[in-house]
Amino acid sequence: MAFINIMEKMVDLRIEEHIKKDDMCKCENCKEDIKCIALNKLPPKYVSTSKGELFSKVDQMMDRQNVLDIEVAVMNAIDFVNKRPRHESRD
Ligand SMILES: [Zn+2]
């Protein structure tokens, strides 16, 4: 039996969307930092997975409040990392 934290999946999806439209660093370091910071603010939500089930489950398990919490956590994490990036500056 495999388990995944669907919070992690949701955070990944939100970060990808912000990266496309926001003016922010897109390097792997910053993406990982954003993900860690956001996930530390959110309670994990584990589900067992079998093939093909994953995305329908993610939708079912997220209510409006979860979606809002995730959005706030991701935006705060992006803000934090933008102000204090850990990557080497190449300028
Ligand atoms: Zn960076």
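Position 1 is the first residue of the sequence; numbering continues from there. Atoms within a ligand are numbered from 1 in the order they appear, just like the ligands themselves.
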Excluding waters, how many protein N/O/S atoms sit closer than 2.8 Å to the Zn ion (ligand 1)?
4
Please identify each residue that fulfils side chain to side chain contact (heavy atoms under 4.5 Å, CB included) with K41, with sequence neighbours left out.
A73
Path from [X] to [Y] over hydrophobic side-chain contacts below 4.5 Å:
X: M10; Y: I4; value: yes
X: M75; Y: I19; value: no
X: I70; Y: V67; value: yes

Taking atom CG of N5 and atom CG of L39, what is their separation to the nearest 0.5 Å?
6.5 Å
The side chain to side chain contact (heavy atoms under 4.5 Å, CB included) partner of V81 among I34, N29, N76 is I34
